[in-house]
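Side chains included, hydrogens not; waters and symmetry mates left out as well; all remaining heavy atoms used. The model shown is predicted, which means the values in this text are computed figures rather than measured ones. Naming: A, B, ... by sequence-line order, numbering from 1 per chain.
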Amino acid sequence: MKQALHSLVVSGLTQLRDAGQIAQFDPAQIKIELPRDKSHGDFATNVAMMLAKPNGMNPRALAEQLIAHLPSADWLVGAEIAGPGFINFRVQAAAKFAALATILEKTADYGRINAGEGKLVQVEFVSANPTGPLHVGHGRGAAYGSALVSLLRHAGYQVEAEYYVNDAGRQMDILTVSVWLRYLALCGETFTFPSNGYQGDYIITTARALLSEQGEALRASAIDVFANVSPDQVLDASGQVVSGDKEAHIDDIIINARQLLGTERYRLILDRVLHDILVDIKEDLAEFGVHYDNWFSERSLMDTGIVDAALARLEAAGKLYEKEGAIWFRSTDYGDAKDRVVVRDNGIKTYFASDIAYHYDKLSRGYEKIINIWGSDHHGYIPRVRGSIQAMGEDDARLEVLLVQFAVLYRGAEKASMSTRSGQFVTLRELREEIGTDATRFFYVMRRCDQHMDFDLDLAKSKSNENPLYYIQYAHARCCGVFTQAVAKGFSAWQSELGLSQLALLTEESEAELAQKLTQLPEVIQLAARDHEPHQIAYYLKELATQLHSYYNGTPILVADDALRNARLTLLAATRIVLANGLTLLGVSAPERM
RNA sequence: GCGCCCGUAGCUCAGCUGGAUAGAGUAUCGCCCUCCGAAGGCGAGGGUCGCACGUUCGAAUCGUGUCGGGCGCGCCA
């Protein structure tokens, strides 16, 4: 409908242009919008005001000319000038119901569009370090990322969802040592657990598994483990460091662990804990309705030499140099605040080196666009990554980085801690189990991702009617309920053909509005996909649910008249489809009963 | 100090890339179940869009400054 109007306006303007009344114009700039005020008609455009100035014309006069040259269409009932130069359009009532047949026919596919034209896009999201279970902070990225993936798929893109597994580096060593120390404690060794070790129960679980599988084959004496280890930090009551250094402390333990265990046994522990955590993360995400096409290992980048290849490209471009024993990337050439180390003075490559290689690899895989969804705390990281892409001779416009702001958690009025190290964080699993997957996903995706967000756990947990999700799901359940009610009341089951043939009986204003709202889904999906904003879907569903509830409350559906009853049921059937499609898109269920 | 994000109703948030009288939920206050699900509907009150300039026919939206909040500025990942 909107597109039809758009082409009418374009052809009207084209005539004016050919008659020499106005200059050339860009059809893409012409917008047909929905007036806020119903008295302004069904659609409106502001082209007359847009084009008035460049053509030296009065907006209202231009509008008048345009209306005079508008091709006629049987569904267009009127076009009037209003205000400073808006043109308001009125559309025939029957035209508003035209989409119902399409909706019923396409069902789950209604809303799918081809804006993406099958272009290959990759979305990387969550990618939390495999050092422990996902916490609620990751939940937002997971909900947002997977909603974006399905949104883009509905919009006609071919999308691959990827999780980058940081299974290399010092954190893996700390993880390994943490497990080993717990294992040693289970063997009967006595010592103080390092303050910088991972303290969660999952560490002990893996340690216990190792003990039962390996017996004491991995045992060493605490005296050897802590030999020549620099002292751990000591804190005073206010949390200030009195003495010691927790980083140096654990690094020394790592050195001893490698020596005492040897490469093979050390690797055995590392692989074991990594495996356990990844299994947990995958299961957690799957239960959250989040699915990936690829799990990409950082370690594999090193093993296959991609890191070296990427660094060689930077070297060839003359963007690497040596200073103070380390090798630096000249990222300041690309707007970064300072140059960055890629190889430390101890010869170990930094995380950034892996990441350069990772992006290099992703770009070489042929995606039209790669989208990274990062926590907002990583924003300072963007310039150096873009810089590395440019330095390697690639187009950094192919990379898009979307930042997800943190959700600040509250329990009532109190902030909830999210620290992974403290062992007191709220896990995503805990959140899901308490408030359910549907509510969790909907709450996260309801807000723009670049917006700070307050997540009140108590509120989300309470199954009160304050939860907007229930409002939408209830609308869907209501739509479903009427059909079983119809039969229970002794009416014949819904006949879609009869209903579709009798849509002219739907003369209520709320019926026309509801039908028109249904036709907006494809457009909402297109805009939401273009802007990467799933929350637009949530808002649309909310509005649709409002209209449904209002209609349902004020108009009896199950009337005795077969024709009218079936027409109304047809409208509800279409509404049910649209609600279900929207909810599915967000990863939320559409229950038939609640 | 520098950089990024953000200040819209008591609270939580939208505002379709500059348009008509700034919206929704919640909270508060009135109504509506002999009727298809009241997890619902109808109505009322509530705003100097942080503040100040500027850009133009027109600004919550764009620019500059300023105040306030969040985050980032490692040879960590």
Side-chain angles (χ1 to χ4, degrees), chain A residues 31 33-37 39-40 44 46 49-50 52-53 58-59 82-86 88 128-129 131 166 168-172 174 247 298 323-328 335-338 340-346 348-352 354-355 375-383 403 405-406 408 446-448 450-456 459 463-475 477-478 480-486 488-489 491 523-524 527-528 531 533 535-536 538-540 542-543 545-546 548-559 565 568-569 572 593-594:
Chain A
K31 280 181 292 185
E33 47 193 19
L34 304 176
R36 223 192 334 265
D37 192 335
S39 69
H40 289 141
N46 63 349
M49 291 184 292
M50 298 288 288
K53 196 178 180 191
N58 176 308
F86 288 98
N88 294 333
N129 289 336
T131 53
N166 297 124
R170 197 172 80 107
Q171 291 206 48
M172 287 299 103
I174 297 177
E247 306 290 350
E298 178 186 358
K323 191 179 85 178
E324 294 162 3
I327 297 177
W328 300 68
D336 197 8
K338 55 173 288 193
R340 309 290 172 175
V341 171
V342 289
V343 183
R344 292 195 279 266
D345 59 6
N346 61 9
I348 295 174
K349 297 179 188 72
T350 62
Y351 170 83
F352 179 45
S354 301
D355 226 12
S376 62
D377 54 335
H378 283 67
H379 71 256
Y381 199 69
I382 298 172
L403 299 174
Q405 293 285 341
F406 289 139
V408 182
M446 200 168 60
R447 306 271 154 75
R448 300 177 58 102
D450 57 359
Q451 202 78 9
H452 301 279
M453 160 182 180
D454 290 348
F455 199 130
D456 188 332
L459 178 71
K463 290 210 165 182
S464 72
N465 53 0
E466 290 165 26
N467 195 330
L469 168 67
Y470 293 133
Y471 185 83
I472 298 169
Q473 288 184 321
Y474 181 47
R478 267 184 149 176
C480 297
V482 192
F483 289 86
T484 50
Q485 270 297 325
K489 282 194 156 195
F491 293 115
E523 186 189 335
V524 171
L527 292 176
D531 299 336
E533 292 182 346
H535 79 274
Q536 290 187 27
Y539 275 87
Y540 168 75
K542 191 96 187 311
E543 289 161 12
T546 300
L548 182 277
H549 285 309
S550 179
Y551 172 57
Y552 187 91
N553 236 275
T555 311
I557 310 300
L558 299 178
V559 293
R565 188 180 66 248
R568 287 183 173 161
L569 284 173
L572 287 199
R593 279 196 309 269
M594 296 175 69

Participant: What's the CG-P distance between A/Asn467 and B/rG40, to the nearest Å?
Facilitator: 11 Å
Participant: When the distance from CG of A/Asn46 to P of B/rU56 is rounded to whole Å, what number comes out?
Facilitator: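 Atom CG in A/Asn46 sits about 19 Å away from atom P in B/rU56.
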Participant: Should A/Glu33 and A/Phe86 count as side-chain neighbours, where that means a heavy-atom distance under 4.5 Å?
Facilitator: yes
Participant: For A/Ser550 and A/Thr546, indicate whether the former's side chain and the latter's backbone hold a donor-acceptor pair under 3.5 Å.
Facilitator: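 Here the side-chain-to-backbone pair does not exist.
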Participant: Under 3.5 Å, is there a donor-acceptor pair between the side chain of A/Arg565 and the main chain of A/Val559?
Facilitator: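 Yes; judged by distance alone, with no hydrogens or angles, the pair exists.
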Participant: What is the pairing partner of B/rA20, taking Watson-Crick or G-U wobble pairs with both distances under 3.5 Å in any strand?
Facilitator: none
Participant: Considering only atom C1', compute the distance from B/rG19 to B/rC62 and round it to an integer number of Å.
Facilitator: 14 Å
Participant: Tell me the interatomic distance from A/Asp454, atom CG, to B/rG70, atom P, rounded to whole angstroms.
Facilitator: 12 Å
Participant: Which nucleotide sits closest to the side chain of A/Tyr471: B/rC13, B/rA77, B/rG41?
Facilitator: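 So the side chain of A/Tyr471 is nearest to B/rG41.
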Participant: With a 4.0 Å cut-off on heavy atoms, is A/Met49 in touch with a base, just the backbone sugar-phosphate, or nothing at all?
Facilitator: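 Base contact.
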Participant: Considering only nitrogen or oxygen atoms on both sides, find all protein atoms under 3.5 Å from nucleotides 33-37 of chain B and state each distance.
Facilitator:
unit_1, atom_1, unit_2, atom_2, d
B/rC36, O3', A/Gln485, OE1, 3.4
B/rC36, O2, A/Ile557, N, 3.3
B/rC36, O2, A/Leu558, N, 3.0
B/rC36, N3, A/Ile557, N, 2.9
B/rC36, N4, A/Tyr552, O, 2.2
B/rC36, N4, A/Thr555, O, 2.6
B/rG37, OP1, A/Tyr552, OH, 3.4
B/rG37, OP2, A/Gln485, NE2, 2.8
B/rG37, O2', A/Tyr474, OH, 2.2
B/rG37, O2', A/Arg478, NE, 3.1
B/rG37, O6, A/Met594, N, 3.2
B/rG37, N1, A/Met594, O, 3.4

Participant: So, OP1 or OP2 of B/rC75: does either fall under 4.0 Å of a side-chain N or O from A/Lys338?
Facilitator: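 For B/rC75, OP1 or OP2 has a side-chain N or O of A/Lys338 closer than 4.0 Å.
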Participant: I need the CD-C1' distance between A/Gln473 and B/rA39, as an integer number of Å.
Facilitator: 10 Å
Participant: Return the 5'-most residue of the pair A/Glu523, A/Asp345 with respect to RNA chain B, ranking by each residue's nearest nucleotide.
Facilitator: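 In this pair, the answer is A/Glu523.
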Participant: Looking at A/Gln451, does any N or O in its side chain come under 4.0 Å of the phosphate oxygens OP1/OP2 on B/rA14?
Facilitator: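 Checking A/Gln451 against B/rA14: at least one side-chain N or O falls below 4.0 Å of OP1 or OP2.
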Participant: Looking at residues at least two apart in the chain, or sitting in another chain, which of them share a salt bridge (charged side-chain N to carboxylate O under 4.0 Å, His left out) with A/Arg448?
Facilitator: A/Asp450, A/Glu533
Participant: Would you call the rings of A/Tyr351 and A/Tyr381 parallel, tilted or perpendicular, taking 30° and 60° as the class edges?
Facilitator: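 Tilted.
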Participant: Nearest whole angstrom, please: distance from the P of B/rA24 to the CD1 of A/Ile472.
Facilitator: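 Value for this atom pair: 16 Å.
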Participant: Rounding to an integer number of angstrom, what distance separates B/rU12 and B/rU55 when you compare their C1' atoms?
Facilitator: 34 Å
Participant: For B/rC6, does the O4'-C1'-N9-C4 (purine) or O4'-C1'-N1-C2 (pyrimidine) torsion place it in syn, i.e. within 90° of 0, or in anti?
Facilitator: anti
Participant: Provide the distance between the two P atoms, one in B/rU26 and one in B/rU64, to the nearest whole Å.
Facilitator: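 The same atom, P, in both gives a distance of 39 Å.
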Participant: What interatomic distance, in whole Å, is found between C1' of B/rG47 and the corresponding atom of B/rU34?
Facilitator: 44 Å
Participant: Is it the case that the base of B/rG3 and the side chain of A/His379 share a donor-acceptor contact (distance under 3.5 Å, atom types as modelled)?
Facilitator: yes
Participant: Who passes salt bridge (charged side-chain N to carboxylate O under 4.0 Å, His left out) against A/Arg170, sequence neighbours left out?
Facilitator: A/Glu247, A/Asp251
Participant: Looking at A/His549 and A/Tyr474, would you say the former's side chain and the latter's main chain have a donor-acceptor pair under 3.5 Å?
Facilitator: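 No, because the side chain of A/His549 does not come within donor-acceptor range (under 3.5 Å) of the backbone of A/Tyr474.
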Participant: Going by the rule salt bridge (charged side-chain N to carboxylate O under 4.0 Å, His left out), which residues pair with A/Arg340 if we only count those two or more places apart in sequence or in a different chain?
Facilitator: A/Asp336
Participant: Indicate syn or anti for B/rU21, taking the glycosidic torsion and treating anything within 90° of 0 as syn.
Facilitator: anti
Participant: Please identify each residue that fulfils salt bridge (charged side-chain N to carboxylate O under 4.0 Å, His left out) with A/Lys349, with sequence neighbours left out.
Facilitator: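 Expected list: A/Asp308.
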Participant: Contact between A/Thr350 and A/Arg344 at the side-chain level, heavy atoms closer than 4.5 Å - yes or no?
Facilitator: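 The answer is yes; the side chains approach within 4.5 Å.
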Participant: In whole Å, what separates the P atom of B/rA9 from that of B/rA60?
Facilitator: 15 Å
Participant: Looking at A/Ser550, I'd like to know whether one of its side-chain N or O atoms comes within less than 4.0 Å of OP1 or OP2 on B/rC42.
Facilitator: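 Indeed, a polar side-chain atom of A/Ser550 lies that close.
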Participant: Taking any strand in view, what nucleotide pairs with B/rG3 in a Watson-Crick or G-U wobble way, both distances under 3.5 Å?
Facilitator: B/rC71
Participant: Decide yes or no, distance alone: a donor-acceptor N/O pair under 3.5 angstrom between the base of B/rG72 and the side-chain of A/Asp377.
Facilitator: no
Participant: Roughly how many Å apart are B/rG70 and B/rC75, using the C1' atom of each and rounding to a whole number?
Facilitator: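 My reading of the C1' atoms in B/rC75 and B/rG70 gives 29 Å.
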Participant: Please give the distance between the P atoms of B/rG18 and B/rC57 as a whole number of Å.
Facilitator: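 Approximately 16 Å lies between the P atom of B/rG18 and that of B/rC57.
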Participant: Scan every strand shown for a Watson-Crick or G-U wobble partner of B/rC35, both distances under 3.5 Å, and answer none if you come up empty.
Facilitator: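 The base-pairing partner of B/rC35, which may sit in any strand shown, does not exist here.
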Participant: For B/rA59, give the paired nucleotide (Watson-Crick: N1-N3 plus N6-O4 or O6-N4; G-U: N1-O2 and O6-N3; both under 3.5 Å), or none.
Facilitator: none
Participant: Go nucleotide by nucleotide along RNA chain B from the 5' end; which of A/Lys542 and A/Ala545 gets its closest nucleotide reached first?
Facilitator: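 Mapping each residue to its closest nucleotide by heavy atoms, the 5'-most match is A/Lys542.
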Participant: Taking the side chain of A/Arg447 as heavy atoms from C-beta outward, which of B/rA14, B/rA24, B/rG3 is closest to it?
Facilitator: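 Nearest nucleotide to the side chain: B/rA14.
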Participant: Between C1' on B/rC5 and CZ on A/Arg448, what's the gap in Å once rounded to a whole number?
Facilitator: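 Interatomic distance, CZ of A/Arg448 to C1' of B/rC5: 11 Å.
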Participant: Between P on B/rG74 and CZ on A/Arg170, what's the gap in Å once rounded to a whole number?
Facilitator: 16 Å
Participant: Quick one: which of B/rG41, B/rA77, B/rC6 gets closest to the side chain of A/Arg344?
Facilitator: B/rA77
Participant: For A/His535 and B/rG15, is the shortest distance between a side-chain N/O and OP1 or OP2 below 4.0 Å?
Facilitator: yes
Participant: Polar atom pairs between nucleotides 20-22 of chain B and protein, under 3.5 Å, N or O only, would you list them?
Facilitator:
unit_1, atom_1, unit_2, atom_2, d
B/rA20, OP2, A/Arg36, NH2, 2.5
B/rA20, N6, A/Asn88, OD1, 3.0
B/rA20, N1, A/Asn88, OD1, 3.3
B/rA20, N1, A/Asn88, ND2, 3.4

Participant: Take atom P in B/rU61 and the same atom in B/rU8, then report the distance between them in whole Å.
Facilitator: 13 Å
Participant: Send over the distance from A/Glu533 CD to B/rG15 C1', rounded to a whole Å.
Facilitator: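 Those two atoms, CD and C1', are 11 Å apart.
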